[in-house]
Engineer: 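The structure's right below; bear with me while I get my questions together.
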Amino acid sequence: MKILVLNGSPKKKSDTMRLTDAFVRGLKKTGDHEITIVNVIDKQIAPCRGCFGCWKVKNGHCVIQDDQNAILDLYRDMDLVIWSFPLYCYGMPSHIKAVLDRTIPLNQMKMEIVDGHTRHIPLVDFSRLHTVVISGCGFPNSEHNFEALDRECELSFGNLTKIFVPETPLLNVPLAACVADPKIAAFERAGEEYTKSYSLSASTLADLQSLMIPMEEYIRNINGGV
Ligand SMILES: Cc1cc2nc3c(=O)[nH]c(=O)nc-3n(C[C@H](O)[C@H](O)[C@H](O)COP(=O)(O)O)c2cc1C
């Protein structure tokens with residue numbers, strides 16, 4: 001498989017990337033995959049200007065000359081794209097949202113209705129493209145937290161697997177290794193599982209998305225530390 005990892009954390013030691021790296025280690029066990037990791041924060045990616053210049057030229061490129069066109073060239077060629085980013089204000093951090101906005105050149109202006117949902121007709125055949133979204137967050141709950149992102153991902157991506165993980169700051173706290181290490185090991189196993197059918201079982205997903213420590217204990221620890 002050709003795999004692109006878009007790392008959307010701005011941090012050097014990303015909580016979310018600890019999980020994504022483990023998932024990728026699991027993927028690697030299943031074959032000789034070609035894996036490219038792009039640290040989005042290190043790239044020059046301006047916000048979309050909304051000019052639709054890309055739809056006039058129809059070459060799969062954006063008229064803004066920055067690092068996004070190299071990402072588009074990679075993206076259109078992939079079997080799997082893994083979007084890895086922390087939850088910010090119930091959605092994607094702005095710098096990786098800019099990457100998503102600027103995938104518009106890979107579509108045409110022409111529209112079609114698929115399963116009652118209007119979409120732009122892709123410029124390239126994406127039928128083989130699969131998407132995994134891995135997002136970590138600082139609150140100890142998924143409900144009242146991940147819903148907007150969940151919906152955005154459902155509407156934006158096909159062949160999608162979403163993994164939304166609460167309490168991810170624990171992953172970089174040495175004292176929490178006793179709960180973080182089993183979570184990381186579960187992500188590694190999930191990477192292996194995923195390649196069998198481009199999906200994860202409900203029980204695997206439940207395991208990946210479960211709390212590492214009870215909500216009240218998590219809040220007590222956070223509040224005690226500030
Ligand atoms: C600007 C900002 C907004 C955030 N918004 C949320 C949020 O809406 N919900 C949440 O649970 N955590 C939120 N967080 C916490 C991060 O998601 C959390 O710290 C995560 O573990 C960081 O992951 P990373 O190390 O991969 O960047 C926010 C953090 C920042 C800096």
Side-chain angles (χ1 to χ4, degrees), residues 3-27 35-45 47 71 80-101 131-157 161-188 190-191 194 205-226:
I3 302 171
L4 172 64
V5 180
L6 293 170
N7 168 21
S9 172
K11 291 160 54 186
K12 286 275 172 257
K13 271 179 82 176
S14 160
D15 306 325
T16 315
M17 274 304 282
R18 290 214 71 200
L19 302 173
T20 304
D21 283 339
F23 191 84
V24 169
R25 278 198 301 279
L27 289 172
I35 300 171
T36 308
I37 300 179
V38 173
N39 296 316
V40 172
I41 200 70
D42 296 334
K43 301 293 176 191
Q44 292 295 321
I45 298 168
I71 292 181
L80 170 62
V81 175
I82 303 177
W83 295 75
S84 173
F85 54 85
L87 187 68
Y88 273 14
C89 302
Y90 311 109
M92 289 185 189
S94 53
H95 46 276
I96 195 163
K97 177 62 164 50
V99 173
L100 178 61
D101 292 348
T131 300
V132 171
V133 176
I134 301 177
S135 182
C137 80
F139 287 145
N141 50 294
S142 298
E143 211 184 345
H144 306 301
N145 207 14
F146 276 116
E147 289 86 346
L149 176 68
D150 188 302
R151 198 73 193 113
E152 180 172 36
C153 293
E154 286 291 342
L155 293 169
S156 301
F157 303 119
T161 298
K162 299 162 292 180
I163 315 173
F164 297 150
V165 188
E167 299 181 339
T168 44
L170 289 175
L171 298 168
N172 274 314
V173 175
L175 271 175
C178 54
V179 291
D181 290 353
K183 180 69 77 185
I184 289 163
F187 267 77
E188 190 165 332
Y194 179 79
L205 266 176
D207 193 22
L208 300 180
Q209 300 186 132
S210 67
L211 292 180
M212 285 175 269
I213 62 176
M215 193 177 281
E216 295 72 20
E217 189 184 338
Y218 181 83
I219 292 174
R220 212 171 33 248
N221 276 296
I222 296 280
N223 293 355
V226 286

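Worth knowing before you read on, the calculation uses all heavy atoms, side chains too, and leaves out hydrogens, waters and symmetry mates. We count ligands from 1, going down the list as the structure has it; atoms in each ligand are counted the same way. Remember, it's a predicted structure, so these values are computed and weren't measured experimentally.
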Engineer: Show the atoms of ligand 1 that are less than 4.0 angstrom away from any heavy atom in Lys11.
Structural biologist: 24 (P), 25 (O), 27 (O)
Engineer: Students should be able to answer this: which protein heavy-atom is nearest to atom 27 (O) of ligand 1, and at what distance?
Structural biologist: Ser9 OG, 2.7 Å
Engineer: For ligand 1, find out whether one of its N or O atoms is nearer than 3.5 Å to an N or O atom of Cys89.
Structural biologist: yes
Engineer: When you measure from atom 9 (N) of ligand 1 to every protein heavy atom, which one gives the shortest distance, and what is it?
Structural biologist: Asn145 OD1, 3.0 Å
Engineer: Would you mind checking which non-hydrogen protein atom is closest to atom 2 (C) of ligand 1, with the distance to 0.1 Å?
Structural biologist: Tyr88 CD1, 3.6 Å
Engineer: A quick test of your reading: do over 12 heavy atoms of other residues, nucleotides or ligands sit less than 6.0 Å from CG of Leu175?
Structural biologist: no
Engineer: How far is atom 12 (N) of ligand 1 from the closest protein heavy atom, and which atom is that?
Structural biologist: Gly138 N, 3.0 Å
Engineer: Do me a favour and list the nearest non-hydrogen protein atom to atom 19 (O) of ligand 1 with residue, atom name and distance?
Structural biologist: Pro169 CG, 3.9 Å
Engineer: Using the ring of each side chain (for Trp, its six-membered ring), is Phe23 parallel, tilted or perpendicular to Tyr194, with breaks at 30° and 60°?
Structural biologist: tilted
Engineer: In the protein, which heavy atom is nearest to atom 14 (N) of ligand 1, and how far is it?
Structural biologist: Leu87 O, 3.3 Å
Engineer: Tell me which protein heavy atom sits closest to atom 23 (O) of ligand 1, plus the residue, atom name and distance to 0.1 Å.
Structural biologist: Pro86 CB, 3.2 Å
Engineer: Tell me yes or no: between the side chains of Ser210 and Lys183, is some donor less than 3.5 Å from an acceptor?
Structural biologist: yes
Engineer: Within the distance-only criterion (no hydrogens, no angle test), does the side chain of Gln209 pair as donor or acceptor with the backbone N or O of Asp207 below 3.5 angstrom?
Structural biologist: no
Engineer: Ignoring hydrogens and angles, tell me if any N or O in the side chain of Tyr218 forms a donor-acceptor pair with the backbone of Phe139 under 3.5 Å.
Structural biologist: no
Engineer: How far apart are the closest heavy atoms of Ile41 and Ser9, and which atoms are they?
Structural biologist: CG2-O, 4.0 Å
Engineer: Give the atom numbers and elements of ligand 1 that come within less than 4.0 Å of a heavy atom of Gly136.
Structural biologist: 17 (O)
Engineer: Report yes if some heavy atom in the side chain of Asn221 is under 4.5 Å from a heavy atom in the side chain of Ile213; otherwise report no.
Structural biologist: yes
Engineer: Charged N to carboxylate O under 4.0 angstrom, Asp21 versus Arg25?
Structural biologist: no
Engineer: Which of the numbered atoms in ligand 1 are under 4.0 angstrom from any heavy atom belonging to Cys137?
Structural biologist: 10 (C), 11 (O), 12 (N), 17 (O), 18 (C)
Engineer: If we set the cut-off at 4.0 Å for heavy atoms, which region of Asn172 has an atom near ligand 1: side chain, backbone, both, or neither?
Structural biologist: neither
Engineer: Distance to 0.1 Å, residue and atom name: give those for the protein heavy atom nearest to atom 8 (O) of ligand 1.
Structural biologist: Tyr90 N, 3.0 Å
Engineer: Only heavy atoms count here, so choose which of Pro166, Ser14, Ser94, Ser142 is nearest to atom 26 (O) of ligand 1.
Structural biologist: Ser14
Engineer: Would you mind telling me which of Lys13, Lys11, Arg18 makes a salt bridge (Lys or Arg N to Asp or Glu O under 4.0 Å) with Asp15?
Structural biologist: Lys11
